[in-house]
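In the text below, chain A, chain B and the rest are named by the order of the sequence lines, each starting its count at 1.
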Number of protein chains: 2
Amino acid sequence: MSPRGPKTPITMQDLADLAGVTRGTISRALNDSPRVKEKTKARIRDLAKKHNYRVNVKARNFRLRRSGVIAVVFMLNIKSEQHMSDPFFLEMLGGIADCLAEHDLDLFLAHAPIADVLAHQDSRVFQNSDGVIFIGQGEQHSELNEIAMSGAPIVVWGAQLPDQQYCRVGGDNVAGGYMAAKHLLENGRRRIAFFGDVNLPEIAQRFSGYKKALEEHGVKFDPALQIDVPFEMSHARETINELLSSDTRFDSALCSSDVMALSAIATITEFGLSVPDDIAIVGYDDIGLASYGSPALTTVRQNIRWAGRVLVESLLSILNGQEVADTTLSSELVVRQSSGVTAPN
Amino acid sequence: MSPRGPKTPITMQDLADLAGVTRGTISRALNDSPRVKEKTKARIRDLAKKHNYRVNVKARNFRLRRSGVIAVVFMLNIKSEQHMSDPFFLEMLGGIADCLAEHDLDLFLAHAPIADVLAHQDSRVFQNSDGVIFIGQGEQHSELNEIAMSGAPIVVWGAQLPDQQYCRVGGDNVAGGYMAAKHLLENGRRRIAFFGDVNLPEIAQRFSGYKKALEEHGVKFDPALQIDVPFEMSHARETINELLSSDTRFDSALCSSDVMALSAIATITEFGLSVPDDIAIVGYDDIGLASYGSPALTTVRQNIRWAGRVLVESLLSILNGQEVADTTLSSELVVRQSSGVTAPN
DNA sequence: TTTACGAATACAATCGATTGTACATCGTCC
DNA sequence: GGACGATGTACAATCGATTGTATTCGTAAA
């Protein structure tokens, strides 16, 4: 009803006319350039506020040849719907989004198939953004190397790999796998399954930590206990069901994510076994559901939100032309009571 | 190593020079204008492909005075971290993102406090986007009305409310609440708690459906059974714990989301009661965890991904200058076996 | 009073595309 | 052979800001 909402927003030229100066001076004043007298600046700022002036972001970005957007690409080897439903993703995204907002940057969520993204670097992902954050390396280590060497500003969440040409941020996967396995071993477990796809670099490192713990405790590793359990819930349940129905016996399992751990608990329970009495489960990530779920989950905590911040800050440094070192964030084991591991029956 | 990655991408003028025509012709040719001869178009297209030309999106958007971005704002009355962790959010976001991608639009995720977003419509959210999708109405119905009347293109996921001036898409909350309550009643439950904040429009409608079912079954509504359980997990558990420790007795509960239902199950189980024997739980939304969790959750399904698509399509129609009607998506009750409601002990 | 100099501002090119209008070319008809 | 439509291109303004360079102004020194 009320005649609010001017359809055509006020432009910098309008403001210049109002102030009796030129666009250039307005621009400098609003950007706090030393070339404009303080008094003039103040006058212009007031006028801008009074007329509710906002710079046209599209015009500015065009002029500055930037987009003000950072793209985030998720790189698991499964379809995008499936990652998206993992709370790990969300928490990481939250950390990234918060940090980007503080720097006045927008977030572009890429949901195209990974292959497409990497195939032509001229895709929307690169065209539309000032930089790209990759979550996970998938099996695309060499492609990421190529992209980085082509000069595109990127950072990658993942494992430290040989010949790595890009800036990486990641958790301490070897230590994580080690801690988790050690915890189970110290509670008397001996047949510890490892649930996860060791073709993924991060998982492979956890796997090596797991084997190291076994070795230290004089437990021989049984290859039958390493199972390529997919991240996605329904597929995970199928795979675990098959395992339960097979000849392979195990008294505990180290899962590659909390969601996988929750699937495992559900599957095992439905199978008629008890968690943790018959089979103890340890997760990875420490997502919110892990602590509030039933039973609460023992898991390896990665500070995911903080990781998101580190990714952003690293990328911004790169955009600033600085050399940026890799970062490895430490992990810790979170032992929760109600799924506390007890000696097997 | 290899000399890949031209630092300065080819511009339309370059292409024009190469083709021996002017920018204008190139532009028209690539946009398939009838004003350019087919043969010329083909030649230009080939040349563009050969030189790997891409239009500069920033320049085009600037010229067309659009951003190519749709903003999504979440509107619950709790801090953003907390919504973000609800899988309901993610699935909706997934649907929206997929649909936007099909229309070659980007997604901007607003995570600023709601009050800020609404207070000055000149915020980033409105400045940077061609349209805004609000998820939930919170208690801001009138603010949303104002925004819509100011001419800003918006769509809102939520309940149908009186005097509504904006385009709305939502589930059938009255029917949802009704179905859920009826299900419990038909399974012999009589003391059915309602967990949710009835100040939120959607919840209020479910609540009215719930009361309608009670009435039809001749069960008197006890106000003590309506509890303002927050959406966020840890707070939900506190609230439910208090209820369990109080004098109020109940044999079942209708929750406002699946996450809340999962919290309830965990809390009740830890309290020493059995779900569903002592207390039956019904959720809302049918998120992925609901079906794969343990125990599987009986819940009211909203087709969230599809809802996301409808929101986007509606917004695009509005941007196209069309009048768009409200949409109410039907809900259905999903009864799952392992939490199947049985007669109380 | 003139000169010189520094501070403050005006001027104008520029970013890369879109699009209305003007011009050129060609075949056709009288 | 010249006028006349069509058709296909070229020309140039435009979107809204940033920024290097030129210009003006005021003031202090000569």
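- Formation of a donor-acceptor pair under 3.5 Å by the D106(B) side chain with backbone atoms of V69(B) is not found in this model.
- Note on R35(A): a base of the nucleic acid sits closer than 4.0 angstrom, heavy atoms only.
- Going from atom CE of M92(A) over to atom CD1 of I96(A) covers 6.0 Å, rounded to the nearest 0.5 Å.
- Rounded to an integer number of Å, the gap from Q13(A) CD to dA10(C) P is 11 Å.
- We find that CZ of R66(B) is positioned 17 Å from C1' of dG16(D), with the value rounded to whole Å.
- Within 4.0 Å (heavy atoms only), T40(B) reaches sugar-phosphate atoms of the nucleic acid but no base atom.
- By the neighbour-count criterion of 12 heavy atoms within 6.0 Å, atom CD of E323(B) is sparsely surrounded, having that number or fewer from other residues, nucleotides or ligands.
- Between F62(A) and dC15(D), no base-stacking contact is recorded for ring centres under 5.5 Å apart and planes less than 30° from parallel.
- Not a single donor-acceptor contact under 3.5 angstrom links the side-chain atoms of R54(A) to the base of dG16(D).
- For D32(A) and dA8(C), the CG to C1' distance is 15 Å, given to the nearest whole Å.
- Counting only heavy atoms from C-beta on, R63(B) has its side chain closest to dA13(D) among dT9(D), dA13(D), dG16(D).
- Taking the side chain of N56(A) as heavy atoms from C-beta on, and the options dG16(D), dT9(C), dA10(D), the nearest nucleotide is dG16(D).
- For dT18(C), one of the phosphate oxygens OP1 or OP2 lies less than 4.0 angstrom from a side-chain nitrogen or oxygen of N31(B).
- L15(A) has its CG atom 9 Å from the P atom of dA17(D), to the nearest Å.
- L64(A) comes within 4.0 angstrom of sugar-phosphate atoms only, judged by non-hydrogen atoms across all strands, and of no base.
- In this structure, of dC15(C), dT9(C), dA17(D), it is dC15(C) that holds the atom nearest to the side chain of R65(A).
- Within 6.0 Å of atom CG in D163(B), 12 or fewer heavy atoms from other residues, nucleotides or ligands are found, so the atom counts as exposed in its surroundings.
- Nearest to the side chain of S27(B), among dT19(C), dG16(D), dT9(D), sits dT19(C).
- One atom, CD of E38(A), and another, C1' of dT9(C), lie 15 Å apart when rounded to the nearest Å.
- Side-chain N/O atoms of R28(B) include none lying less than 4.0 angstrom from OP1 or OP2 on dT19(C).
- Look at T11(A) and you'll find a side-chain N or O under 4.0 angstrom from OP1 or OP2 of dA17(D).
- Distance CG (L30(B)) to P (dT19(C)): 13 Å, rounded to an integer number of Å.
- Here dC11(C) is the nucleotide among dA8(C), dA13(D), dC11(C) with the atom lying nearest to any side-chain atom of T22(A).
- Classification of R309(A) and D98(A) as a salt-bridged pair fails, no side-chain N sitting under 4.0 Å from a carboxylate O.
- The CG-P distance, from D17(A) to dG16(D), rounds to 13 Å in whole Å.
- Following rounding to the nearest Å, N61(A) (CG) and dA17(C) (C1') show an atom-to-atom distance of 16 Å.
- Residue Y53(B) has a polar side-chain atom (N or O) positioned under 4.0 Å from OP1 or OP2 of dA17(C).
- Summary of helix geometry: the two end axes of the helix from dT1(C)-dA30(D) to dC30(C)-dG1(D), each defined by five base pairs via their C1' atoms, are inclined to each other by 80° (rounded to 10°).
- Of the candidates dA17(C), dA10(C), dA10(D), dA10(C) carries the atom nearest the V21(A) side chain, counting heavy atoms from C-beta on.
- Screening H51(A), R43(A), R45(A) for a side chain to side chain contact (heavy atoms under 4.5 Å, CB included) involving L47(A) leaves a single residue, H51(A).
- Along DNA chain C, the nucleotide closest to K37(A) and the one closest to R23(A) are compared, and the more 5′ of them pairs with K37(A).
- Distances were taken from every side-chain heavy atom of M12(B) (C-beta onward) to each of dT18(D), dA8(C), dT18(C); the shortest belongs to dT18(C).
- Remark: I135(B) CD1 to I304(B) CD1 distance equals 10.5 Å, nearest 0.5 Å.
- Under the 3.5 Å distance criterion, with hydrogens and angles disregarded, a donor-acceptor pair is assigned to the side chains of R168(A) and T328(A).
- S314(A) approaches V324(A) most closely through the heavy-atom pair O-CG2, 3.7 Å.
- Positionally, the nearest nucleotide of DNA chain D for R43(B) lies more toward the 5' end than for the other of R43(B) and G24(A).
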